[in-house]
Amino acid sequence: MSSQLKDDGTLDTVICCTNCGEEMRYNISDRSTDLDGPAEEDYANFVMECIEDFDNGHTCREPETR
């Protein structure tokens, strides 16, 4: 399984399964820990946490037909 960051034009951070197309949305303001480093580093860490969360909770469906 492979997941990736997706830009859908919203302020949410969207992680998408490249196999089946399932998406999960995350919002950095909902994060339970404080952000105290440089903004770019904080966001990069947040995205990595989102990908890990998605990968740990996602079960692939059949690939979408387009």
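Here, residue 1 is the first one in the sequence, and each next residue gets the next number.
Glu52 is linked by a salt bridge (charged side-chain N to carboxylate O under 4.0 Å, His left out) to nothing, counting only residues two or more places apart in sequence or in another chain.
Side-chain contact between Glu22 and Arg61 is present, with heavy atoms from C-beta onward closer than 4.5 Å.
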Does Cys17 form a side-chain contact (heavy atoms from CB on, under 4.5 Å) with Phe54? I'd like the steps, not just the answer.
CA-CA 9 Å; Cys17 176; Phe54 181 85; 3.9 Å; yes
In sequence, state the C-alpha distance, the side-chain angles, and the governing distance for His58 and Cys20, and then conclude on side-chain contact (heavy atoms from CB on, under 4.5 Å).
CA-CA 10 Å; His58 175 67; Cys20 72; 3.5 Å; yes
Given Ile15 and Arg25, is the side-chain contact (heavy atoms from CB on, under 4.5 Å) satisfied, shown in steps?
CA-CA 7 Å; Ile15 306 300; Arg25 296 176 175 279; over 6 Å; no
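Going from atom CG of Asn56 over to atom CD1 of Ile51 covers 12.0 Å, rounded to the nearest 0.5 Å. Rounded to the nearest 0.5 Å, atoms CG (Asn45) and CD1 (Ile28) are 9.5 Å apart.
Of the possible polar contacts, none joining the Asp53 side chain to the Glu49 backbone as a donor-acceptor pair under 3.5 Å is found.
Between Phe46 and Tyr43, the two ring planes are tilted [angle within 30° to 60°].
Tyr26 and Val47 end up in the same hydrophobic cluster when Ile, Leu, Val, Met, Phe, Trp and Tyr side chains are linked at under 4.5 Å.
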